[in-house]
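Beneath this line is the structure, given in structure tokens, with notes to follow.
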Amino acid sequence: MDQLNLDDIEALALGATLLGTGGGGDPYIAKLMMQQAIEEFGPVPVVEAADLPPDSLILTTAIIGAPTVILEKIPAGTEFVASVRSLAAYLGKEPAAIMSIEVGGLNTLLPIATAAEMGLPIVNSDGMRRAYPQIEMTVFTLAGLPAGPLSIADEKGNQCVFETTTNQIAETLARTAVIQLGLANAISCYPMTAAQVAEHGIQGSMTYCTRLGHLLQDVKAGRDGAWQTFLDESGSVEFFTGKVIDLDRRTTEGFARSTVILEHLDGGNRTMRIEVQNENLIAFEDGEAIITTPNLICMLDSETYDPITTESIAYGNRLIVIGMPCAPEWHVEGMLDLVGPRAFGYDLDFVELPG
Amino acid sequence: MNQTRDLRVGVDVGGTNTDAVLVDSAGAVLASVKVATTPDPIDGIRAALDAVLKGADPTRISKAMLGTTHPANAIIQRIGLDPVGILRLAAPSSLGVRPGAAWPEDIRAVVLRSAAIIEGGHEYTGQPIAPLDEEAARRFAGDVQANGCGAVAVSAAFSPAVTDHELRAGEILAEELGSDFPVSLSHQVGSLSLLERENATILNAALLSVAKGVTDGFQAALAERNLQVDAYITQNDGTLMTAEEAARFPVLTLGSGPTNSMRGACALAQVSDALVVDVGGTSTDVGILVDSFPRESSAAVEVGGVRTNFRMPDLISMGLGGGTVVRGTGPDVNVGPDSVGYAVVTEALCVGGRTLTLSDISLAGGRLDGFGDPSLVADVDSATVAAALDWVDSQLAVMADRMKSARADIPLLAVGGGAHLIPDEIPGVSEIHRPENYQVANAYGAAIAEASGAVDKVYSYDASSREECLDEARELASNVAIRAGADPEQVRITSVTEIPMTYVPGGGCRVMVKAAGPLA
């Protein structure tokens, strides 16, 4: 992939919804912003971090706030540019490229709009290759790379830069700032050199997301063997096809938590329970954990093959549940402490996908 | 109140038929008719009124209700729509997505004439994003005139919570364009979600001329028949708007067809919680009644390719109807999805036609009577009949199961001209009701419709308790329903939905409450 243009938007958005693993924010608004930015400023070149000069600066940008607020307060686009510029000014260095920190959900597409507006390439990497609810949940944290200094910007011209001592503090400070700034803001964090991204980042994320989208488009179009190709290429395992028979939603400590229970369509007594905190985190079959974070639990409509977000699940939905391996870059020292089941309060061991 | 003014007339204009019913104060059907829908639908309405009122005393009729697909067809066919100017109050936010983004090109070309995003709108906290730029609003009025717009749509960030800026912009536009110039304000049209609410407001503005034609035509048809009545139009949720209000908010009537059918089925069968299966000539719609109202879909609803946030009945549709074509024999039988549609009355084998349809199968299988000649389908072999009916039964069972909201068995209401196809037993269904007058359930649904009110607000459960917030929302919704004509003694809360706001401090929660009651 050399560049992202208007033809790629649908596939990218579909892939981003899948990698949102039930959360990550609806990419719809981001898709419209990316479309407008590319129409206005032209296609965005995609570069590999390893192909950039090793000491050149890569800056990220993402939306931070509340999904419900973003629906009402649409971004201007300029706040993302402002977050990048203010961090660049603080660092005294111009960025060579923009990167998404979270290829999964709406933060997949927003940085592409920013890159278009700034006339910069987008890096084919990220820090999660799925969605997670907190800033520190990245492979960069595992590599000991700091999230700070980081910048927050709004659409009015307010900006702040935080120096932080830990990536957990970065999360806390950023959340506190955005509560005061309208809860639909831009953040630029994890400033890195191209060499650092090449060594520690997840590689090929944009290409992977777009490829998943194209494979799913083939499945949706009913092409022969397309579903098997999708499973094979993504390394996914199909675990369950069932009907939602119970759904319990609650909000605690700022997270949308829910439990989804599916009954298998084969008529037996098999049931699956999925625990959700913004994203799908653990899937149990008959009481036993069979898919756990950081692997991805994705649900698709059993007829349309649309990836389903937790917000839109309703009783009676017929869903296919697949387990998708997380990016291999996650499998380093400290992974389970940061994003394993216990990091989310489940007293469970991580479970490998079969095969 | 005049004791003798105890009757209502309900009219429903569908794609094929225009139905009318005359109903007394106890809800009994005194007369019902079905006439063909006409190219100018007002002609069909006149014909239906004449037929249903034959012999009735016009002075006994106090109310007339209309459900119609006019505005929906105008959008789908892109006919009769006014060019609209769009003023969004949200800058500097929202500049990343222009008004009308993602509209299909053909409707965009007809409707979107002029657009501006100016400073204004509010934050989730209720603070202004920026003071309203009144000068820019006046300049926009100039653009509206220069570009020949027929109406204006105004949207603002968080206007469902804070209406000030939209109301002020409306005043400015009235000063500049004249108080008669049609202006639609988004907080009066839709709920939270700026882009979808703005889209709905633009569609509303574009429909104002069509809507005025409908409501004027309906009122003229009533006056010509010496009916001194209050005229109402049914809206998406099955409740009523006055004709004057419907002329201002036509977009709220777009989904009223299926709703009227479900509300009518509910009242005819006297069942408040049930599946409703409406089998027509070409397709079957399955919906569900919860506490006497259709359950609404949670997904974004597209109208003519435009994404909106209307609440529409949650429906599953498939190609299964009385006119559905059956091919092949025995276990290899293939049903549909094509249909001979309304031509079933001449095309089906059982009326001397040449096409094997599901109506023939139903007759041969003993489900249908009172239509066609059984001897004309005697040659259809029993294995074919059995296989086709198996297919029908399994399709209906799957649709019924997908629509249910709990595991327990619930009743099913069978309505529509093809309802004979529905078997007497369906898994997961406790009993099957076949109410009288099921063929005019739509018009009956219009005739018995109630007045309603709704609120959609963001509360902080930390600032005041959850119960206090919910009580306030319930009272607000009840008051809106009473203002819309509901009897204050009989108004009740029909739904409460709470959506906790992730990452929002102070226990932020979006609360949606609806109230309804019979007309006073």
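Just so it is clear, the structure is predicted and the values come from calculations on it, not from any experiment. Below, chain A is the first sequence line, B the second, and so on; all start at residue 1.
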Using 0.5 Å steps for rounding, measure from the [atom1] atom of [X] to the [atom2] atom of [Y].
| X | Y | atom1 | atom2 | answer |
| --- | --- | --- | --- | --- |
| Leu192(B) | Leu71(A) | CG | CG | 8.5 Å |
| Thr125(B) | Leu181(A) | OG1 | CG | 11.0 Å |
| Arg98(B) | Leu32(A) | CZ | CG | 11.0 Å |

Side-chain contact test, heavy atoms from C-beta onward, threshold under 4.5 Å: evaluate it for [X] versus [Y] and give yes or no.
| X | Y | value |
| --- | --- | --- |
| Leu195(B) | Ile74(A) | yes |
| Ile129(B) | Glu155(A) | yes |
| Tyr28(A) | Val97(B) | no |
| Arg318(A) | Asp401(B) | yes |
| Phe158(B) | Val69(A) | yes |
| Glu72(A) | Glu123(B) | no |

With a 4.5 angstrom heavy-atom cut-off, which part of [X] approaches chain B: side chain, backbone, both or neither?
| X | answer |
| --- | --- |
| Gln180(A) | neither |
| Ile29(A) | both |
| Glu79(A) | neither |
| Lys243(A) | side chain |
| Gln35(A) | neither |

Tell me the closest heavy-atom pair linking Ser93(B) and Ala76(A), and the distance in Å.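 The pair with the smallest heavy-atom distance is CA-CB, 4.2 Å.
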For chain A, find which of Pro92(B), Ala130(B), Ala90(B), Ser159(B) contributes the most heavy-atom pairs closer than 4.5 angstrom. Pro92(B)
Would you call Glu119(B) and Lys156(A) a salt bridge, taking side-chain N to carboxylate O under 4.0 Å as the test?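 Looking at Lys156(A) together with Glu119(B), the answer is no, because their closest N to O distance does not fall below 4.0 Å.
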Do Asp26(A) and Arg307(B) sit within salt-bridge range, that is, some charged N less than 4.0 Å from a carboxylate O?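 Answer for the salt bridge query: yes.
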Return yes when atom CD of Glu425(B) has more than 12 non-hydrogen atoms of other residues, nucleotides or ligands closer than 6.0 Å, and no otherwise. no
